[in-house]
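Below is one structure, written out as structure tokens, with a few remarks after it.
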2 protein chains.
Amino acid sequence: MSGPDTIRPKRLSRAEAKLRTRELLLESAARTFARKGFGGASVEEIAESAGFSVGALYSNFANKEQLFLELMSARATSRVTEASEILEEGNLGETDPLAALGRMLADVADLDIDFAPLQAEFWLYAVRNPHVLDTVAARMRESREALQRLIDATSRRAGTDLGVPSETVATVVFALLQGLVRQRRLDPGSVPPELFSQALRWLFTGLEESA
Amino acid sequence: MSGPDTIRPKRLSRAEAKLRTRELLLESAARTFARKGFGGASVEEIAESAGFSVGALYSNFANKEQLFLELMSARATSRVTEASEILEEGNLGETDPLAALGRMLADVADLDIDFAPLQAEFWLYAVRNPHVLDTVAARMRESREALQRLIDATSRRAGTDLGVPSETVATVVFALLQGLVRQRRLDPGSVPPELFSQALRWLFTGLEESA
DNA sequence: GTCTATAAACAGATAGAC
DNA sequence: GTCTATCTGTTTATAGAC
């Protein structure tokens with residue numbers, strides 16, 4: 001009768017091992033789908049890049065599509081939400097939140113090279129497959145809401161009234177930043193890191209003006 | 001010795017017929033790549049959707065990739081350039097160019113359902129294949145320049161100084177509009193048609209303010 | 001739970017008929 | 001110049017060994 005791992009807590013239980021396998025496969029899937037696309041990535045490639053065989057993959061996921069969908073649900077927009085939360089908590093009053101947000105986005109564009117392609121792949125899958133469109137749209141809304149909270153907090157602190165629902169503002173800011181990240185990937189010279197915060201500043205100046 | 005088609009001008013010469021075949025194949029490729037992606041679209045599907053067989057396709061294009069690249073070169077950004085030119089010529093002083101541009105973009109998002117997915121597919125291909133990145137970036141620059149000319153003309157007419165190079169402004173406007181078009185595809189309710197021109201107005205108000 | 005081996009379907013690309 | 005038939009490699013997915 002082997003009890004719980006009291007002697008060697010490092011050894012993983014079967015359930016933990018399987019969860020870890022899933023985790024590794026999802027990470028590998030993110031990399032591979034980002035670099036090759038849904039159609040271009042093979043399940044064998046994904047499995048081997050994670051250090052497993054196809055069998056292990058199919059023991060954890062029903063098929064290629066379900067693996068993709070699960071990955072999408074897990075991190076469709078997690079990075080943005082994450083970022084917004086960091087800004088929300090970390091910069092309560094100290095530095096310029098717009099500048100911080102801009103810097104961070106430029107970093108995402110440059111350092112997390114799989115992020116934008118993966119987002120694009122998710123978006124494409126959503127617009128091509130009506131039955132998952134609502135799910136992706138909902139995830140996107142979560143990110144937008146995170147951004148919206150940040151905008152609310154910032155304008156409240158500054159004592160300014162934007163004159164329009166912050167939901168609308170968040171939508172525009174979200175679109176702007178996403179567009180700039182993509183353009184920077186294509187032609188870094190045309191989108192210097194400062195442009196992110198600069199563009200935001202123009203937008204908010206205009207908003208306050210028209211309030 | 002058969003001379004030129006003097007009797008029945010409707011009959012196409014072999015060269016014309018081949019050109020027409022290429023044209024039809026490219027159109028079909030645009031539809032199919034937009035709906036299924038590069039990896040998901042099969043050459044057979046593309047050929048048959050155009051009313052031809054695979055043989056005809058391979059007689060006109062070296063392979064699937066070259067077909068895709070040729071399509072990309074042909075219309076990577078033609079729609080935007082087109083649109084800018086229409087606005088540039090058509091609205092010399094009459095209506096609000098910002099409102100017209102916004103309306104048009106909303107229409108593109110709603111009516112030309114293959115446009116945005118195809119753009120996304122091109123972008124993905126470019127960031128995944130370094131050897132075509134410069135080509136796509138160059139095409140994108142052409143569109144940006146068209147937009148820039150429109151902005152220049154508009155601000156000149158209005159007698160305002162933007163305070164920043166119009167190249168920079170065009171980059172930001174371009175990113176903003178692209179982001180809104182994509183977001184509208186995902187969740188039309190969050191991006192009403194008026195938002196396109198409204199967002200542009202905020203941006204330009206802020207720009208003029210900071211000049 | 002994961003691996004190896006394999007089945008079954010499909011893709012891209014070519015050759016020869018017309 | 002286009003079509004039909006086919007070759008070849010690769011893909012997804014499964015079955016059975018460990």
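Each chain gets a letter, A, B and so on, in the order the sequences are listed, and its residues count up from 1. Bear in mind the structure is a predicted one, so any value in this text is a computation, not a measurement. Note that these values count all heavy atoms, side chains included, but never hydrogens, waters or copies made by symmetry.
Remark on the helix from C/dG1-D/dC18 to C/dC18-D/dG1: inter-end axis angle 0°, axes from five-pair C1' superpositions, rounded to 10°.
No side-chain donor-acceptor contact under 3.5 Å links B/Ser166 to the backbone of B/Gln148.
A side-chain donor from one of B/Gln183 and B/Ser190 sits under 3.5 Å from a side-chain acceptor of the other. A/Arg31 and A/Ser49 share a donor-acceptor pair across their side chains, judged by distance under 3.5 Å alone.
Atom-to-atom, CZ of B/Arg20 to P of D/dT2 comes out at 11 Å; the value is rounded to the nearest Å. Atom P of nucleotide D/dT12 and atom CG of A/Leu57 are separated by 10 Å, given to the nearest angstrom.
The aromatic rings of B/Tyr125 and B/Phe38 sit perpendicular, their planes meeting at an angle over 60°, well past the 30° parallel limit.
Remark: A/Glu121 engages B/Arg128 in a salt bridge, criterion side-chain N to carboxylate O under 4.0 Å.
Considering only side-chain atoms of B/Arg14, the nucleotide from C/dC3, D/dT11, D/dG1 that sits closest is D/dG1.
If you check every strand for non-hydrogen atoms under 4.0 Å, B/Ala15 touches nothing. Here A/Ser59 lies in heavy-atom contact (under 4.0 Å) with a base. Nucleic acid contact class of B/Ala47 (heavy atoms, under 4.0 Å, all strands): none.
Under the rule for a side chain to side chain contact (heavy atoms under 4.5 Å, CB included), the partners of B/Val169 that lie at least two apart in sequence or sit in another chain are B/Ile151, B/Leu162, B/Val164, B/Val173, B/Phe204, B/Leu207.
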query = Reading nucleotides 13-18 of chain D from the 5' end, what letters show protein touch, with B for base, S for backbone sugar-phosphate only, - for no heavy atom under 4.0 Å?
reply = BB----
